[in-house]
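Notes to accompany the following structure.
Proteins get letters first, then strands, A, B, ... in listed order; numbering begins at 1 in each.
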Amino acid sequence: MSTTRQNLPGHLSIRGLTKRYEAMAAVDNLNLDVAKGELIAFLGPSGCGKSTSLRMIAGLVPASSGTISIGGRDVTKTPPYKRDIGLVFQSYALFPHMTVLKNVMFGLEMRRVPTADAERRAREAIALVRLEGKEERRPAQLSGGQQQRVALARALVIEPSILLFDEPLSNLDAKLRDEMRAEIRDIQKRLGITSIFVTHDQVEALSMCDKVAVLNGGRLEQLGTPQELYEQPATAFVASFVGRTNRLRGKAEGDRIDVAGMTIRAPGRHAGTVDIMIRPHRMAMRPILEKAAADVEPTNRIRGTIRHVYYSGDILQYEIEAAQQIMTVEQATASGGAPLAEGSDVELAWRVSDTLAFEVRQ
Amino acid sequence: MTAAAIMTAVPEKRPISAGALATLLLGPIAIVNGVAFVLPVFNLLMLSFREALSGGGLGEAFTLENWTGTVTDSYYLELIGQSISTSLFITFLTLICSYPIALYLHRSQGAWRTFLLVLVISPLLTSAVVRTYGWIAILADDGLINSILMYFGSENGIRLLFNKTGVVIGLTEILMPYMILALLAGFGRLDHRIEEAAETLGAPPWKVFWRIIVPLTMPGIALGCLLSFVLAISSFITPKLLGGGRVFLLATEIYDQAIVTLNWPLAATLSMIILVVFGAALVFYSRLLRAIS
Ligand SMILES: Nc1ncnc2c1ncn2[C@@H]1O[C@H](COP(=O)(O)OP(=O)(O)O)[C@@H](O)[C@H]1O
Ligand SMILES: [Mg+2]
């Protein structure tokens with residue numbers, strides 16, 4: 001990890017990238033810029049085109065149309081072995097017939113790095129992923145987590161201009177996954193490698209990455225920081241996919257939305273059928289009999305009945321029937337207070353500013 | 001009887017030891033092999049130490065003459081060398097011709113794959129004799145290939161039949177289905193992701209082939225080559241028909257000695273020599289397998 005990389009800003013630039021399989025567009029007109037050193041997540045449900053996008057960037061799948069450029073160089077037609085890209089697979093894809101050391105040295109060998117130098121750099125990379133002492137093992141003699149570390153070292157050692165991860169942690173158990181997340185993030189920051197991290201796990205995307213690109217049906221729904229996605233989702237899909245939401249459907253007129261006879265206010269002006277979404281933990285709940293405190297901020301209030309209470313130590317989760325829907329409210333458990341009983345009538349309250357409204361396209 | 005009574009009537013289960021179980025399972029095949037293989041081979045070995053009398057008779061006394069005669073006779077030494085080198089060459093050619101087909105088959109999917117597999121196996125449904133006559137029709141002086149060559153202006157065409165070329169061509173084709181099936185059986189470790197990983201690490205296609213695909217398919221290559229070599233060196237109908245009596249190999253010589261000259265002891269000696277060659281091939285194969293894994 002000695003040489004310094006000279007990358008232009010707007011390091012990876014994707015324009016109108018499309019992949020069609022017969023009539024179906026697996027990736028549809030993707031536009032994206034990734035700055036140097038940034039870690040960006042591709043987040044979306046299974047089959048939304050994350051892997052296909054990544055594989056087009058790596059050159060393993062030819063694009064139907066659009067361009068990809070890395071560091072200002074158009075690589076759309078460049079074969080993968082000339083793209084200078086590191087790829088970490090979900091299945092590790094280590095070379096089973098080579099030792100750990102040989103696996104990590106492979107990319108350097110292909111670049112004609114002198115053997116002594118290649119071995120020194122490979123050992124450094126192996127140390128970086130904390131696998132010292134395992135150099136002479138075969139992949140089959142390592143655990144899943146260790147194999148993925150080898151795959152990471154193998155991709156890192158060539159100092160690629162872009163590092164791509166395709167769901168690298170989904171074959172690992174939860175504890176190891178958390179550990180590896182932090183480690184990948186740490187190494188990526190330290191080496192400053194521009195990276196794309198594909199995942200269908202929103203926690204992974206939000207907690208690790210500088211920016212998240214939410215994909216749905218081959219299209220980019222929104223690109224933003226984790227906070228932007230959560231607080232200002234651009235589409236109903238992003239709102240429901242990133243974090244959990246309660247969803248109500250109503251008829252809008254200006255900033256007022258009629259839901260089953262109740263009026264709910266939302267920021268901005270809307271018209272026609274509207275989906276309203278509210279995060280469960282942004283809702284407050286109190287028994288009907290208690291007197292409401294004076295509102296400091298504009299607040300929506302609706303009445304409902306508690307149907308279920310789920311107690312899970314840290315969190316109390318209520319399922320409440322309101323506006324002819326089941327809504328979920330989450331509260332941190334407090335000392336002393338007993339949960340409200342099932343069957344109690346309650347009032348739900350949340351800030352107008354916490355109300356996300358999306359016009360439903362018909 | 002009540003259910004409880006039935007339960008108590010069942011004798012207590014005695015666990016069978018692993019050794020006893022192995023004996024039980026391997027017993028039948030051991031007996032069959034003993035009667036149908038080991039015993040005849042032993043007889044053959046004994047036969048190779050008998051004196052050959054003219055007219056196909058056997059002398060009473062035991063003698064080393066067949067062995068000493070064979071291994072000191074330059075004709076037989078050359079024959080053995082020829083057989084081994086020709087079989088190795090055929091094996092190599094079979095491998096070269098079969099590998100791309102096996103690789104393509106391994107990567108194809110669905111109905112197309114099934115169709116191709118049937119296509120590969122179908123020659124095995126026809127006897128090697130019939131296929132050899134097919135090759136005679138193709139390779140003969142007035143056969144398909146020479147007709148085409150002469151149509152395009154060649155004066156005499158080329159000699160493809162009744163020489164080693166014909167034997168090599170015929171045997172290669174006859175052995176290809178076995179080679180392809182053996183290769184496919186050994187392609188289990190091949191994984192497209194691994195090839196892609198090598199590519200992204202900077203390996204151009206030919207390096208992916210030599211550094212990844214070939215090493216990963218080595219078990220299949222070794223098995224296919226062992227099978228081809230053994231089948232090549234022991235085949236006699238195809239060399240006899242396509243060689244037209246002008247190509248001399250161990251197997252055809254054994255056939256001649258046993259059926260034409262009626263020198264059974266010599267035929268037995270040559271058979272034992274082939275068996276030794278088999279043994280050497282097997283040892284080499286298992287060494288190779290151990291080296292791979
Ligand atoms: N080789 C292919 N042929 C046909 N369809 C494909 C192929 N590869 C992917 N697809 C389709 O493209 C879509 C996106 O796939 P993929 O990129 O693998 O999704 P993700 O990685 O987000 O789960 C899916 O509907 C998938 O079925
Ligand atoms: Mg995928």
Could you check whether atom CZ of F92(B) has more than 12 heavy atoms from other residues, nucleotides or ligands sitting under 6.0 Å from it? no
Would you say that more than 12 heavy atoms from the other residues, nucleotides or ligands in this model lie under 6.0 Å from the CZ of F89(B), or not? no
Enclosure of K207(B) NZ (heavy-atom neighbours >12, cutoff 6.0 Å): yes
Under 6.0 Å from the CZ atom of R113(B), do we count more than 12 heavy atoms belonging to anything else shown? yes
Should we say atom CD of E132(A) is surrounded by more than 12 heavy atoms from elsewhere, each under 6.0 Å from it? yes
Once you round to the nearest 0.5 Å, how far does CD1 of I194(B) lie from OH of Y92(A)? 13.0 Å
Pick from A58(A), G86(A), A93(A), P79(A) with the largest number of heavy-atom pairs that fall under 4.5 Å of chain B: A93(A)
With a 4.5 Å heavy-atom cut-off, do R211(B) and M98(A) have their side chains touching? yes
Is L94(A) close to chain B through its backbone or its side chain, or both, or neither, when contacts mean heavy atoms under 4.5 Å? backbone
Should the heavy atoms of other residues, nucleotides or ligands under 6.0 Å from CD of E78(B) be counted, would the total exceed 12? no
Could you tell me whether R111(A) atom CZ has more than 12 heavy atoms of other residues or ligands within 6.0 Å of it? yes
Compare every heavy atom of Y81(A) with every heavy atom of A203(B), then report the nearest pair and how far apart it is. O-CB, 3.5 Å
Interatomic spacing from OG1 in T200(B) to CZ in R83(A) - rounded to 0.5 Å: 11.5 Å
Most heavy-atom pairs under 4.5 angstrom with chain A, which of L216(B), I292(B), L201(B)? L201(B)
Can you give me the closest heavy-atom contact between M110(A) and G202(B), atom names plus distance? CB-O, 3.6 Å
Report the distance from atom CG of L87(A) to atom CZ of R193(B), rounding to the nearest 0.5 Å. 9.0 Å
Given heavy-atom pairs under 4.5 angstrom as the criterion, report whether the side chain, backbone, both or neither of R55(A) touches chain B. side chain
Point-to-point distance, once rounded to the nearest 0.5 Å, from CD of E196(B) to CG of D166(A): 10.0 Å
Picking from R138(A), E109(A), K82(A), which has the most non-hydrogen pairs under 4.5 angstrom with chain B? E109(A)
For the atom pair CD1 (I212(B)) and NE2 (H97(A)), what is the distance rounded to the nearest 0.5 Å? 4.5 Å
